[in-house]
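Scroll down for the structure; my scribbles are underneath it.
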Amino acid sequence: MTASTREDGRPAADVPVLNIANVLTVLRILLVPVFVVMFFVAGAQEPWWRVGAFVVFAVAMLTDYVDGYLARRLGLVTDFGKIADPIADKALISAALISLSVVGELFWAVTVVILVREVGITLWRLFGVDYVVAASKGGKLKTVTQTLGVGMLILPLPHWVWPAEWVVMGIAVALTVYTGVDYLVKARRAALVQS
């Protein structure tokens with residue numbers, strides 16, 4: 001399958017850009033500022049606004065799964081979607097990480113490590129440096145643990161839950177680093193095989 005070909009073999013140009021998968025991707029992008037505003041109401045200290053911010057975050061992350069599923073299932077893969085989807089994903093997780101770090105609920109080092117990996121690999125894929133490798137099971141597990149860890153930190157959970165939050169975030173960081181290195185190694189190896 002080439003960059004401009006769908007999974008069913010038809011050219012991506014035959015698929016209308018205005019389709020349900022792309023609409024969900026754009027919705028996810030539009031939910032990013034909504035999340036940030038809700039998170040910072042009352043200095044991020046009002047529990048109900050934090051719950052509201054979590055709901056927005058959860059709905060946005062759900063659209064990530066749904067739009068990908070629909071794009072593949074209904075043959076709605078487009079060049080726009082291939083570019084916009086990873087941007088939407090990274091914008092949402094970046095906004096959440098930075099927001100949590102700004103209010104002192106997540107170490108900046110954690111945010112920086114995750115953002116460097118996510119933005120770096122996304123740019124790698126978008127610009128086709130060396131060779132693009134398909135997402136691995138480890139990458140999907142990384143996304144799940146990041147989402148779970150960030151979601152737990154957004155919610156105003158009681159103090160006794162905090163150790164569990166940090167265990168999940170620790171696993172997320174470890175998977176983030178491991179899958180990033182693994183991706184680069186596989187991409188470089190594939191490029192050497194192709195040359």
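- To the nearest 0.5 Å, atom OG1 of residue Thr145 and atom CD1 of residue Ile171 are 7.0 Å apart.
- The shortest side-chain heavy-atom distance between Leu100 and Thr111 does not fall under the 4.5 Å cut-off.
- Rounded to the nearest 0.5 angstrom, Thr143 OG1 and Leu148 CG are separated by 12.5 Å.
- In this structure, Ile20 is not a member of the same hydrophobic cluster as Val26, with clusters built from ILVMFWY side-chain heavy atoms closer than 4.5 Å.
- A 4.5 Å side-chain heavy-atom check between Met152 and Leu157 finds at least one atom pair inside the cut-off.
- By the rule that hydrophobic residues join a cluster once side-chain heavy atoms approach within less than 4.5 Å of another member, Leu155 and Val161 end up as members of one cluster.
- With hydrogens and angles disregarded, a donor-acceptor distance shorter than 3.5 Å links the side chain of Arg50 to the backbone of Ala44.
- Side-chain contact between Asp85 and Arg28 is present, with heavy atoms from C-beta onward closer than 4.5 Å.
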Evaluation steps, side chain to side chain contact (heavy atoms under 4.5 Å, CB included), between Val103 and Phe40: CA-CA 9 Å; Val103 297; Phe40 282 107; 3.6 Å; yes

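- Connectivity analysis of hydrophobic side chains (ILVMFWY, heavy atoms under 4.5 Å, direct or indirect) links Leu18 to Val23.
- Side-chain atoms of Thr147 and Phe57, non-hydrogen and from C-beta on, do get closer than 4.5 Å to each other.
- Residue pairs meeting the side chain to side chain donor-acceptor pair (under 3.5 Å) criterion with at least one member in residues 150-169: none, sequence neighbours excluded.
- By the side chain to side chain contact (heavy atoms under 4.5 Å, CB included) test, Tyr178 pairs with Asp182, sequence neighbours left out.
- Hydrophobic clustering keeps Val37 apart from Leu31 (ILVMFWY residues linked when any side-chain heavy atoms are closer than 4.5 Å, directly or through intermediates).
- A 4.5 Å side-chain heavy-atom check between Leu106 and Met169 finds at least one atom pair inside the cut-off.
- Donor-acceptor pairing under 3.5 Å is recorded for the side chains of Thr78 and Asn22.
- Between the side chain of Arg73 and the backbone N or O of Tyr69, no donor-acceptor pair lies under 3.5 Å.
- Here the closest non-hydrogen pair linking Gly81 and Pro86 is O-CD, 4.0 Å.
- We find the NZ-OH distance between Lys140 and Tyr65 to be 10.0 Å, quoted to the nearest 0.5 Å.
- For the pair Leu74/Asn19, no side-chain contact is recorded, criterion being any heavy-atom separation below 4.5 Å from C-beta on.
- Across every non-hydrogen atom of Val150 and Ala96, the tightest pair is CG1-CB, 3.5 Å.
- Looking at heavy atoms from C-beta onward, Trp108 lies in side-chain contact with Val102 at the 4.5 angstrom threshold.
- Interatomic distance, CG of Leu92 versus OG1 of Thr63, reported as 8.0 Å (0.5 Å rounding).
- The two residues Thr179 and Gly139 make their nearest non-hydrogen contact at CG2-N, 3.7 Å.
- Between the CD1 atom of Ile87 and the OG atom of Ser94 there is a distance of 11.5 Å, given to the nearest 0.5 Å.
- Contact between Ala84 and Ile29 at its shortest, heavy atoms only, is O-CD1, 4.4 Å.
- Shortest non-hydrogen contact noted between Val32 and Ala95 is CG1-CB, 3.7 Å.
- Here the closest heavy-atom approach between residue Gly180 and residue Ile121 is recorded as O-CD1, 4.1 Å.
- Rounded to the nearest 0.5 Å, atoms CG (Leu175) and CD (Gln146) are 9.0 Å apart.
- Under the 4.5 Å side-chain heavy-atom criterion for ILVMFWY residues, no single connected hydrophobic cluster contains both Val17 and Val77.
- Residues Glu118 and Lys142 meet the side-chain proximity criterion, which asks for heavy atoms closer than 4.5 Å.
- Considering Ile154, Val36, Leu153 in turn, Val36 is the only one that fulfils the side-chain contact (heavy atoms from CB on, under 4.5 Å) rule with Ser99.
- Follow the hydrophobic side-chain contacts under 4.5 Å out from Val59 and you reach Ile93 in the same cluster.
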